[in-house]
Amino acid sequence: MTTAPGTQPSTAPSTGSAPSTSAVPGAARVPDKVSLDGLEERWDGAWAEQGTYAFDRTATRDQVFSIDTPPPTVSGSLHVGHVFSYTHTDVVARFWRMRGREVFYPMGWDDNGLPTERRVQNYYGVRCDPSLPYVPAFTPPHEGGEGKSVKAADQVPISRRNFVELCERLTVEDERQFEALWRRLGLSVDWSHNYQTIGEPARAVAQKAFLRNLARGEAYQAEAPGLWDVTFQTAVAQAELEARDYPGHFHRVAFHSTADGTPIHIETTRPELIPAVVALIAHPDDERYQHLFGTTVRSPLFGVEVPVLAHPAAEPDKGAGIAMCCTFGDLTDVQWWRELQLPTRSVIQRDGRLARETPEWIETATGRGYYAELAGKTTFSARQAVVDALRDTGDLDGEPTATQRMANFFEKGDKPLEIVTSRQWYIRNGGRAEGRGEGLREELLARGQELEFHPDFMRVRYENWVGGLNGDWLISRQRFFGVSIPLWYPVDADGAVDHEHPIVPDEALLPVDPSSDVPAGYTAEQRGVPGGFVGEADVMDTWATSSLTPQIAGGWETDPDLFERVFPMDVRPQGQDIIRTWLFSTVVRSHLEHGSLPWKHAAISGWILDPDRKKMSKSKGNVVTPMGLLEEHGSDAVRYWAASARLGTDAAFEVGQMKIGRRLAIKVLNASKFALTFGGDGELDAPIDPATVTVALDRAMLAGLADVVDKATAALEAYDHTRALELTETFFWTFCDDYLELVKDRAYGSGDETPSAQTQSARTALRLALDTLLRLLAPVLPFATEEVWSWWRTGSVHRAPWPASAPLVEAAGASGDPIEPVDPAMLGAAGRALAALRKVKSEAKVSMRTVITRAELVVPAGQLALVEAALDDVRAAGRAATLTLVGADDAEVAQARGAELEPPQQV
RNA sequence: GGGCGAUUGGCUCAGUGGUAGAGCGCCUCGUUCACACCGAGGAGGUCACUGGUUCGAACCCAGUAUCGCCCA
C-alpha cells in the first residue's frame, strides 16, 4: 500500500490568514488553559468548511477505500448501539484515509418501510389507497399529529405517490437529527453523498435491479404457499421470521381406516385444520405404522379420504409419531406437500378466517354440514367448534393437554403467521432446488468463503443461514410506503387480469409507480377496464431496496465513472443480527447483477449489553440518549469506549470506560501543551531535525515508539482496532508518566539563549513523539488530536499521513556517535528505576519533590547499562543528589536502598 | 436437538505453550512548579470444572457445567 500522491494536503488552505500555522480560525499557538469543551462544535464546523472528508472522485479504484454503511432506520430512534458500531466504522475510515486512501464514506437513511408508514398516517392524518390517482400540490389535513393516532375512519385516503411524498417530507426532520448526531460523534462522512432508501434514485435503482432480475429469470411470480401476517395483511419473508414459544393444546384425534374403520390417532395443536388435511405422515422407519403406508384413512367429521405416507421429516417421538399434513399448518406441511406432491386444500384465508364457501373436496352431507358451521370463523372459534364436534362423535380421545410449541411470527407482529397461497413475486436466492437453485446456493456459499469476515467466525452465521434456506426470497409486500414493483398487467376483453404477461416499463422511465403511472401504449382511462391494464399493487420488501446500497451510493448506471471507482466496496460494517438479512441479501443482488461480491470485507460489531448482560433496549427504561451521552462525556470519550471493544464481541454499556476515554483525551491536551512549551513559541514552527536527537534515552523512547507504530499499523490493517488502541495508549501513558518526567529538567534547559545538545535532543524527541502519537490516536480521538495539531502543525491531522516507523528508527539511530543499536528497553528500565525512588518517598509519606540526599539504587544486572546511560535523567526526575548504582543478579525489579531524605521544609 | 461465542482479581477486559496483566474500584500518601477531569505507592487471582497431550498448559485436545446468541 503506497501513499497516493496529491491526496494529502500538506499546507493550510490558502486563506492567508495571519496565524498561519493553524488551518482553523480560533485556534492559535499553545493555549494557557486547555479544555475539551466545545471542541466538537468547533471542529465539526471546520471540517465541513474545509471539506476535510470530501471524497476526491478523481482517485482511481486502487487509491480508494469505499465503505458501504447500512443506513439507519430514521423512523426509529438512534441508540447507543448505533454510536458503538458506527464508531468502529469511523476508526477504520480515518485509518485508511491517513494511509493515503481516498475514502468513500457515504451515509444513507433507511426510511422505506412500515415504521415510517405508520408515523405518516398519524402525523398527517392520511392513509394510502393505491387505487387513487395522484393529486398534485396535495395539502394534508393535519400537520404534526405526533403522539396520538388519527382514527382510520378520519384518515384521508390518498394515492401512493402522494403518500410517498409525505413520507419523504416527514423523514427530512428525522434525518436532520441523525446527521447532527453523527457530526457530533465525529463520523468522517462525506455528507454530499447522502441518500434515502425511499428517494428517487434509490427507487430507480431498486426497480432497475428488479427488472434485470426479471429479464434474466431470477425474479419470478408464483402462486405458492407463503407466510402471511393476518394483522398487517401482508406476506412475510423467511428472513423476517421469528420463532417464539406459543401456548396451545395437543388434541388426540382419531382418523379411520377406509379398509376396516380401525381408528388411527394423531395429535395436533390445530384441529381446525382437519378440513384441510391431505395426508397422514409417519417416519419411514417407524415400525408402528409400516402396515399403514399405502393405505388410506378418512378424516373425522369431514370424511375426506387421504393416504398414509412415509416421510423422514415426521418425528417418531413427537406426539403419536404420525402427523396430519394440512395445507397449510406449518412449514413442514409445505415441505411434505411439495415433496410428496399432495393436493392443495386450503381453508385459511388472508384475513385469518376459514373460507366462507364449503370446499368441494368435502363431499359427504355430514361433512358439509360440519363445515358450514366453521365457515367464516376465525381460527380460534373454528377450533372450538371442531373440538366440540369431535367430542360429540367420539373422535376426540381424552381431553386436550396444554403444551408449548414454537410458532413462527412476523418479527413485528403478535399473532402466529398463517400460510396462505397467493400470487407473489420472488427473487432466487438459492433457497429452492428447482431451476438453478441448487447451483446458486453453492455459488452463494462460495461467496461467503470469499468474503473476509471480521471476526472470521461470523462466517458460520452466513453459512448456516444459506444452508438452511427453505425457499426463494419473497419480495412482494402488500403495503404502500415502499418501492413499487414496476409492472402492469393486461386486462383481457372479459375483464380478467393476465398476470402471465406483465407489462414492463422502459428503464429510462424509472422510477415508476404503476398505481398512478400509465404503461406505454395505454391511456389513463384504460386502467382497470376490459382491454386495458392494471398496475401491480404490491411494493417490494424493504430489503429489496436496501440490499442495493452499494449500487445506490455508488451511482450504479447513473454515474458509471463513480461506480467504477468505488465498487466492489472495501468494507461493509454491520451488526451480527443482520447477517442473514442485510448482508446476505446484498450478496445475492451483487452476485446476480455483477457476478461479484459487493465488498471485500465485512466488519461485524457486537451488541451493547446493559449491566444485566442483556441486550440494551428502550423497554429497559434506559433513558440515555446518544446525544445526551455525547454531551455528558464528550465525543472522544464515547468513541474511546466504543473503540475499546473488539469487533464481534458484545460490550457492556460502561460509563466508567467513557471516563477513562475522557481522561485520555484531556491527557493528550495537557501533555501536548507541556511537551510543546519547553522551547517557547519560537521553536514551534521550526522543522524537526531528527539528527539533533543524540541522547540515548531519547533515542530509546523513539525506538520503542517505532515498534508501537509497526504493531498498531498491522493491527488496524487486520481490523483489530482495539489492539492498536491498547498499544498506543499504553505507550502514551509511559510517555507521560515516565519519559516526560525523566526528561523535563533536561528539556527546560539552563535558560541560555542557545539550548545545549542534550536539551535540544529532548525537545526534538518530544516533538517527534508527539507528532507520531497524535496521528496514532487521531482515529479514536479525532477532536482532541485535531485541537493539538492546530497549535503547531498545518492542515488537519486527519489528512496527515499515517506514521511510519522508518523515520523513527532512523532518528533513534541518528546519533553522530552511535554507541549501539539503542535498546528500546532503556525507557522501561529507567522508568522502573525512577519508580523505585518514588516508592521510597511514597512509603516515607513525603512529597515527590523531596530531595533524596543519598541512596543506593539496585537494579537487575541485565539492566545496569541501560539505567547507567539514563542515570542523569533518573537522578533529576527523582530529585536524588547522590545515587550509587548497583547491579544485582537476584534483583527482579529496581529497588532503592538506604535512602536518606532531606528533612521536610518547614513552611 | 444442531451450531457459534464466552467463562481470567470486586467490575470491565487483555493475554494462543515458558515466573498471571491493564484500567476502574479499593487502601495509603502526596500535590496548585503540564494535568484535581491530578500524581505516586500498595493490596487483591489455585485463569469455571474434570481428564488428557507436553519437560512445561489460562493457552492445545476430549468431556462437563453455566451464560449469551443463531438455527431447527
Side-chain angles (χ1 to χ4, degrees), chain A residues 30-37 238-239 241-243 313 315 317-318 330-332 406 408 453 455-470 575-581 604 606-607 609 611-615 632-634 636-637 640-641 644-646 648-678 720 722-723 725-727 729-730 733-734 736-738 740-741 744-745 747-748 766 788 834-850 877-879 892 896 904:
Chain A
V30 182
D32 292 334
K33 195 79 186 163
V34 299
S35 168
L36 293 175
D37 297 333
Q238 190 183 351
L241 286 191
E242 205 170 87
E315 297 176 62
D317 51 356
K318 195 171 157 188
D330 60 28
L331 291 170
T332 310
M406 296 304 282
N408 286 318
F453 282 85
D456 191 61
F457 67 77
M458 286 293 176
R459 179 179 291 106
V460 302
R461 299 203 180 203
Y462 175 94
E463 288 171 344
N464 288 346
W465 176 251
V466 177
L469 286 169
N470 57 29
Q576 54 187 300
D577 51 326
I578 51 175
I579 290 175
R580 66 175 182 161
T581 49
I604 311 293
W607 293 116
L609 306 176
D612 300 330
R613 306 296 303 171
K614 299 284 179 201
K615 200 178 144 189
E632 184 180 351
H633 301 283
D636 280 346
Y640 172 88
W641 160 72
S644 303
R646 287 184 299 175
T649 303
D650 295 344
F653 175 76
E654 229 200 328
V655 169
Q657 198 67 12
M658 296 173 203
K659 292 186 172 160
I660 296 165
R662 186 170 178 87
R663 196 169 71 117
L664 176 64
I666 292 171
K667 196 76 175 181
V668 166
L669 298 181
N670 278 312
S672 299
K673 181 179 76 157
F674 188 48
L676 290 173
T677 43
F678 291 119
D720 188 358
T722 56
R723 179 91 187 119
L725 173 58
E726 189 192 352
L727 287 160
E729 189 188 3
T730 302
W733 283 108
T734 303
C736 291
D737 293 342
D738 292 343
L740 262 173
E741 291 297 328
K744 69 177 169 189
D745 279 13
Y748 273 125
L766 283 169
V788 173
L834 175 57
L837 299 179
R838 286 168 176 161
K839 186 170 179 176
V840 166
K841 299 178 194 180
S842 186
E843 286 177 348
K845 304 188 178 184
V846 299
S847 157
M848 288 297 138
R849 297 189 63 208
T850 306
R879 301 273 181 271
E892 291 192 355

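Letters A, B, ... mirror the listed sequences (proteins, then strands); counts begin at 1. These values consider heavy atoms only, across backbone and side chains, with no hydrogens, waters or symmetry-generated copies.
E726(A) comes within 4.0 angstrom of the backbone, heavy atoms only, and of no base. No engagement by W641(A) is indicated, since no non-hydrogen atom pair under 4.0 Å with the nucleic acid exists. In this structure, R838(A) reaches the sugar-phosphate backbone alone: every heavy-atom distance under 4.0 Å involves primed, P, OP1 or OP2 atoms, never a base.
The cationic atom of R663(A) (NZ for Lys, CZ for Arg) lies less than 6.0 Å from the six-membered ring centre of W733(A) and within 45° of the ring axis.
F674(A) and F678(A) have their aromatic ring centers within a separation under 6.0 angstrom.
When the side-chain nitrogen and oxygen atoms of R646(A) are compared with OP1 and OP2 of G15(B), one or more of them lie within a distance under 4.0 Å. A sub-4.0 Å separation between OP1 or OP2 of G39(B) and a side-chain N or O of R663(A) is present. Checking the phosphate oxygens (OP1, OP2) of A72(B), a side-chain nitrogen or oxygen of Q238(A) falls inside 4.0 Å. Between Y748(A) and A34(B), a side-chain N or O to OP1/OP2 separation shorter than 4.0 Å is present.
Look at NZ on K673(A): it is 15 Å from P on C38(B), rounded to the nearest Å. Rounded to an integer number of Å, the gap from CZ of R849(A) to C1' of C29(B) is 17 Å. In this structure, CH2 of W607(A) is placed 15 Å from P of G68(B), rounded to the nearest angstrom. Taking atom OH of Y462(A) as the reference point, atom C1' of C69(B) lies 20 Å away to the nearest angstrom. One interatomic measurement links the two molecules: CD of E843(A) to P of C27(B), which rounds to 19 Å at whole-angstrom precision. The NZ-C1' distance, from K667(A) to A34(B), rounds to 8 Å in whole Å. Look at CG on D650(A): it is 14 Å from C1' on U7(B), rounded to the nearest Å. Between the P atom of C38(B) and the NZ atom of K33(A) lies a distance of 12 Å, rounded to the nearest Å.
In this entry U46(B) has no Watson-Crick or G-U wobble partner, no candidate having both defining distances under 3.5 Å. Summarising the base pairing, A34(B) is matched to no nucleotide, lacking a Watson-Crick or G-U wobble pair whose two defining distances lie under 3.5 Å. Nucleotide G1(B) is matched to C71(B) when pairs are restricted to Watson-Crick or G-U wobble geometry with both distances under 3.5 angstrom. The pairing partner recorded for G9(B) is none, the criterion being a Watson-Crick or G-U wobble arrangement whose two distances lie under 3.5 angstrom. Base pairing annotation: C27(B) forms a Watson-Crick or G-U wobble pair with G41(B), both donor-acceptor distances under 3.5 Å. Under the Watson-Crick or G-U wobble criterion, with both distances below 3.5 Å, U19(B) is left unpaired in every strand shown. Using N1 to N3 plus N6-O4 or O6-N4 for Watson-Crick, or N1-O2 and O6-N3 for G-U wobble, each under 3.5 Å, G51(B) pairs with C61(B).
Out of C37(B), G5(B), G39(B), the shortest distance to the side chain of I666(A) is found at C37(B). Picking from C13(B), C71(B), C35(B) the nucleotide with the shortest atom distance to the side chain of R580(A) gives C71(B). Minimum atom distance to the side chain of A835(A) is reached by G41(B), of the listed C35(B), C37(B), G41(B). Counting only heavy atoms from C-beta on, E654(A) has its side chain closest to U12(B) among G3(B), U12(B), A34(B). Distances were taken from every side-chain heavy atom of E741(A) (C-beta onward) to each of C69(B), C35(B), A40(B); the shortest belongs to C35(B). When the nucleotides G41(B), A34(B), C24(B) are ranked by their closest atom to the side chain of K839(A), G41(B) comes out on top.
Ranked by how close their nearest RNA chain B nucleotide is to the 5' end, R461(A) and A836(A) are led by A836(A). Toward the 5′ end of RNA chain B lies the nearest nucleotide of V460(A), the other residue of the pair K845(A) and V460(A) mapping further downstream.
Spacing of P atoms, G5(B) relative to A14(B), comes out at 15 Å, to the nearest Å. C70(B) and C35(B) have their C1' atoms separated by 48 Å, with the value rounded to a whole Å. With P as the reference atom, U8(B) and C13(B) are 10 Å apart, rounded to whole Å. Taking atom C1' in both U19(B) and G45(B), the straight-line distance is 15 Å, to the nearest Å. With both ends at atom P, the span from C11(B) to C26(B) equals 15 Å, rounded to whole Å. Using atom C1' as the reference point in both G42(B) and U46(B), the two lie 23 Å apart (nearest Å). Rounded to whole Å, the separation between the P atoms of C24(B) and C37(B) comes to 16 Å. Separation of the P atoms belonging to A65(B) and A72(B) is 25 Å when rounded to the nearest angstrom.
Note that the CG atom of L676(A) and the CG atom of L766(A) stand 8.5 Å from one another [nearest 0.5 Å].
Taking the six-membered ring where tryptophan is involved, the planes of W641(A) and F653(A) are perpendicular, since the angle between them exceeds 60° and thus also 30°.
A salt bridge links R838(A) to D738(A): one of the charged nitrogens lies within less than 4.0 Å of a carboxylate oxygen. Between D745(A) and R879(A) there is a salt bridge, since a side-chain N of the basic residue sits under 4.0 Å from a carboxylate O of the acidic one. Of the charged side-chain nitrogens involved, at least one lies within less than 4.0 Å of a carboxylate oxygen, so that R662(A) and D37(A) count as a salt-bridged pair.
Side-chain atoms of T730(A) never come within 3.5 Å of backbone atoms of L727(A) as a donor-acceptor pair (strictly under, hydrogens ignored).
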